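Presented below is the structure to which this report refers.
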Amino acid sequence: QVQLVESGGGSVQTGGSLRLSCAVSGNTESLATMGWFRLAPGKDREGVASIDNDGSPVRADSVRARFTISKDNAKNTLYLQMNSLKPEDTGMYFCAADVNPLLGAWLLLNPGHWDYVGQGTQVTVSS
């Protein structure tokens, strides 16, 4: 089993920054792809960014110029650096992981298919 615990969410004004962290524990060796998706009221899950085990990142068009996904394998931690935040970025952000490799791009478009998902951390951006 794998446990994912997010942190770093909060409330910021437009243009602000936040860095989300996801601490991974359990059978971490089984994981190949990791990522983030978000859920806003009245909207479907939206893939934000993912990263394959070879370190290749994929980001949604809406965040590509503003968000950066990275991971620290030594700390078993996944990060999402979010800059130039906009009100439309508001939502619950979930860390996710999958045992299948090279699925980052597909899982970005199909965020309901991750093997493991954390409890989420709320991000609120005010105008």
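All values reported here derive from a predicted model rather than from experimental measurement.
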Between the side chain of [X] and the main-chain N/O of [Y], is any donor-acceptor distance below 3.5 Å?
X    : Y    : result
N110 : G112 : no
D52  : G55  : no
S30  : N27  : yes
T33  : N100 : yes

(request) Verify side chain to side chain contact (heavy atoms under 4.5 Å, CB included) between Q13 and L85, making sure each step is shown before the conclusion. (result) CA-CA 8 Å; Q13 293 187 326; L85 283 160; over 6 Å; no
Please determine whether the number of non-hydrogen atoms from other residues, nucleotides or ligands lying under 6.0 Å from atom [atom1] of [X] exceeds 12.
X    : atom1 : answer
D54  : CG    : yes
Q119 : CD    : no
E88  : CD    : yes

Considering all heavy atoms, the nearest [X]-[Y] contact:
X    : Y   : answer
G35  : I69 : CA-CD1, 4.0 Å
H113 : D98 : O-OD2, 3.5 Å
G47  : A60 : O-CB, 3.5 Å
R38  : S62 : NH2-OG, 3.7 Å
Q81  : S17 : NE2-CB, 4.1 Å
L39  : D44 : CD1-C, 3.9 Å

Report yes if some heavy atom in the side chain of [X] is under 4.5 Å from a heavy atom in the side chain of [Y]; otherwise report no.
X   : Y    : result
C95 : W36  : yes
F94 : T121 : no
V24 : Q3   : no
I51 : V58  : no

(request) Dump the intermediate steps for side chain to side chain contact (heavy atoms under 4.5 Å, CB included) on L20 and E6, then the final yes or no. (result) CA-CA 7 Å; L20 306 183; E6 303 94 335; over 6 Å; no
Is there a path of hydrophobic side-chain contacts, each under 4.5 Å between heavy atoms of I/L/V/M/F/W/Y residues, joining [Y] to [X]?
X    : Y    : answer
Y116 : M92  : no
V48  : L31  : yes
L107 : L109 : no

So how far is it from [X] [atom1] to [Y] [atom2], rounded to the nearest 0.5 Å?
X    : Y   : atom1 : atom2 : answer
L103 : N53 : CG    : CG    : 10.0 Å
N83  : R66 : CG    : CZ    : 9.0 Å
L108 : E46 : CG    : CD    : 8.5 Å
N76  : S25 : CG    : OG    : 8.5 Å
R59  : L80 : CZ    : CG    : 10.0 Å
T68  : R19 : OG1   : CZ    : 11.5 Å

(message) Between Y79 and D72, does the side chain to side chain contact (heavy atoms under 4.5 Å, CB included) criterion hold? Intermediate values first, please.
(response) CA-CA 8 Å; Y79 301 100; D72 186 330; 3.9 Å; yes
(request) Using a strict cut-off of less than 4.0 Å between a Lys/Arg side-chain nitrogen and an Asp/Glu carboxylate oxygen, indicate whether D89 and K86 qualify as a salt bridge. (result)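 Salt bridge between D89 and K86, a charged N being under 4.0 Å from a carboxylate O: no.
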(message) Suppose we screen for ring pair (Phe, Tyr, Trp, His ring centres under 6.0 Å). Which residues come up paired with Y93, at least two apart in sequence or across chains?
(response)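 With neighbours one apart ignored, the set is empty.
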(message) Assess the residue pair F37 and W114 against the criterion (side chain to side chain contact (heavy atoms under 4.5 Å, CB included)); give the C-alpha distance rounded to whole Å, side-chain angles, the decisive distance to 0.1 Å, and a yes or no.
(response) CA-CA 10 Å; F37 67 87; W114 290 93; 4.0 Å; yes
